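Please read these numbers as outputs of a predicted model, since none were measured by experiment. Worth knowing before you read on, the calculation uses all heavy atoms, side chains too, and leaves out hydrogens, waters and symmetry mates. So you know, we letter chains A, B, ... as the sequences are listed, proteins then strands, and number each from 1.
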Number of protein chains: 2
Amino acid sequence: MIESGDTKTRILDTAERLFGLKGYENTSLRDITAEAQVNLAAVNYHFHTKDALLDAVIARRVGPVNKRRLDMLDAAGPDPTVEQILTAFLEPVLDIGLESAVPLVGRILSSPDLFLDRVYKRHFLVVSERFRAAMIRALPGAPVDSILWGLLFTVGAMTHMMALSRILPEITAGVCSMTDRPSIVARAVDFLAAGFRAAVHKELICAG
Amino acid sequence: MIESGDTKTRILDTAERLFGLKGYENTSLRDITAEAQVNLAAVNYHFHTKDALLDAVIARRVGPVNKRRLDMLDAAGPDPTVEQILTAFLEPVLDIGLESAVPLVGRILSSPDLFLDRVYKRHFLVVSERFRAAMIRALPGAPVDSILWGLLFTVGAMTHMMALSRILPEITAGVCSMTDRPSIVARAVDFLAAGFRAAVHKELICAG
DNA sequence: GTCTATAACGGGATAGAC
DNA sequence: GTCTATCCCGTTATAGAC
């Protein structure tokens with residue numbers, strides 16, 4: 001597992017993989033520099049602190065993913081379906097490196113402080129707003145709180161399979177795995193779209 | 001925030017709260033003993049290591065929760081509905097302390113190593129098997145992999161709202177919060193049940 | 001830009017008196 | 001059971017030579 005590229009890229013690649021594998025706190029800069037075959041002081045030279053290194057690792061992935069999400073949402077036209085919205089949200093993030101970026105993002109999104117300060121406030125506000133608005137348009141009559149809870153369940157399902165991707169086969173007797181990405185996206189989209197629609201039906205029944 | 005009870009209980013209560021608030025690695029034994037107003041060495045006397053303290057904190061919650069889950073599943077009779085199964089799975093775990101146990105369990109379940117070694121293998125195998133079997137009975141015709149993915153999405157939705165419970169109002173402009181537990185259970189059950197049923201319908205359509 | 005060496009600190013764990 | 005004092009280790013970060 002020898003990383004390629006210049007020193008800075010090797011540090012980023014290795015940090016991403018180890019942060020995803022063992023978590024931020026359980027990964028020392030010595031672990032990273034040893035595997036990346038660079039000097040310990042190079043981290044502080046290129047990134048100043050371990051904290052800033054994590055920011056750099058996150059930003060390198062989250063920016064492009066959110067751009068792809070918005071592009072896919074735009075490409076679906078002015079009135080995307082629930083399925084198109086969910087696909088635009090899920091597909092880009094599941095399409096990043098399975099061995100490194102996927103577990104890392106899973107960890108980040110399930111950690112309240114990291115998520116709030118380093119992802120939500122910096123990278124996620126506009127995406128969140130766009131997808132919320134699109135879902136409200138796609139589900140006329142659905143109360144806003146149902147939409148928000150649905151998006152929360154969506155992020156939860158997505159985050160959990162990313163966080164547990166490495167041990168998925170072990171806890172499902174080999175049935176589930178993250179390798180066949182397109183089929184997983186389709187499966188999740190069907191499951192979640194039905195959940196969103198159930199909230200609308202319930203509302204209509206109660207109102208009528 | 002002064003904990004009550006004897007030394008051992010005070011340590012357990014404080015550790016649970018701080019592990020949930022900041023995470024295991026970011027909480028030192030000095031943090032715990034200072035807040036619990038006990039001596040540092042008392043931790044090692046009562047629990048031997050920090051690692052074993054975490055096990056004790058987890059076991060104290062997970063055991064009773066899983067017992068209640070199985071009791072509720074049994075109480076639903078020999079052929080529980082999808083909704084009854086999901087309620088039996090979600091309600092007990094959302095009924096533990098909102099300020100301490102809920103965030104902690106959220107963190108544990110989203111951390112692959114902790115989940116696998118300390119929860120799944122020790123406390124979760126029988127529960128997992130019982131709920132899997134019940135769901136297969138409740139959804140005749142559904143392929144097993146759909147059931148397993150559905151349970152994964154269920155655990156993901158549950159885990160995520162527990163892990164982010166503290167910041168939920170902040171990221172939803174005050175719309176979502178974990179305080180009204182019964183309505184959250186009902187909402188999640190409706191959403192997830194629709195997802196499970198969608199997998200069956202899809203299968204029947206393709207087969208027919 | 002890259003390296004060696006080291007400073008400065010906080011952590012878990014323990015010995016031994018009471 | 002409880003406390004004080006301390007050991008010993010790994011960590012991040014930096015100083016300064018090359």
Before accepting this row, confirm whether a basic side-chain N of the pair B:Arg187/A:Asp145 lies closer than 4.0 Å to the acidic partner's carboxylate O.
->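 Yes, charged N to carboxylate O under 4.0 Å.
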So, A:Arg69 and A:Glu91, do they make that salt bridge, N to O below 4.0 Å?
->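 Judged by the 4.0 Å cut-off on N to carboxylate O distance, A:Arg69 and A:Glu91 do not form a salt bridge.
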What do the steps show when you test A:Arg107 against B:Ser110 for side-chain hydrogen bond (donor to acceptor under 3.5 Å, both in side chains), and what is the final call?
-> CA-CA 7 Å; A:Arg107 278 184 194 271; B:Ser110 19; over 6 Å; no
For A:Pro92 and A:Thr87, which heavy atoms make the closest approach, and how far apart are they?
->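 Looks like CD-O, 3.8 Å.
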Hey, does the side chain of [X] reach the backbone of [Y] with a donor-acceptor pair shorter than 3.5 angstrom?
X        : Y        : value
B:Thr159 : B:Gly156 : no
B:Tyr24  : B:Leu54  : no
B:Tyr120 : A:Ile171 : yes
B:Thr33  : B:Asn39  : no

In whole angstrom, what separates [X]'s [atom1] from [N]'s [atom2]?
X       : N      : atom1 : atom2 : result
B:Asn44 : D:dC7  : CG    : P     : 17 Å
A:Leu54 : D:dT11 : CG    : C1'   : 17 Å
A:Asn39 : D:dA15 : CG    : C1'   : 14 Å

Name every residue in residues 23-32 of chain A that has at least one heavy atom under 4.0 Å from any atom of DNA chain D, in order of residue number, or write none if there are no such residues.
->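 By residue number: A:Thr27, A:Ser28, A:Leu29, A:Arg30.
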Can you check whether A:Arg166 reaches A:Glu99 side chain to side chain, under 4.5 Å on heavy atoms?
->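 Result no, sub-4.5 Å side-chain heavy-atom pair not found.
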What is the nucleic acid contact for B:Ala42, judged by heavy atoms within less than 4.0 Å: base, sugar-phosphate only, or nothing?
->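 If one applies the 4.0 Å heavy-atom cut-off, B:Ala42 turns out to touch nothing in the nucleic acid.
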Where are the stems of DNA chain C, defined as at least 3 consecutive Watson-Crick or wobble G-U pairs with both distances under 3.5 Å?
->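 For DNA chain C the paired stretches long enough to count as stems (3 pairs minimum) are C:1-18 with D:1-18.
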Do A:Phe153 and B:Phe153 have their ring centres less than 6.0 Å from each other?
->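 No; B:Phe153 has its ring centre 6.0 Å or more from that of A:Phe153.
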Could you tell me whether the side chains of A:Glu35 and A:Thr14 share a donor-acceptor contact shorter than 3.5 Å?
->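 Note: A:Glu35 and A:Thr14 side chains miss the donor-acceptor criterion.
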Between B:Ala41 and A:Ala41, name the one whose nearest nucleotide on DNA chain C is closer to the 5' end.
->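 Nearer the 5' end of the strand: A:Ala41.
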Start at the 5' end of DNA chain D and walk down; is the nucleotide closest to A:Lys50 or to B:Thr7 reached first?
->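 On the 5' side of the pair lies B:Thr7.
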Nucleotide range of DNA chain C lying under 4.0 Å from chain B heavy atoms |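 Both ends considered, the range comes out as C:dG11 to C:dT14.
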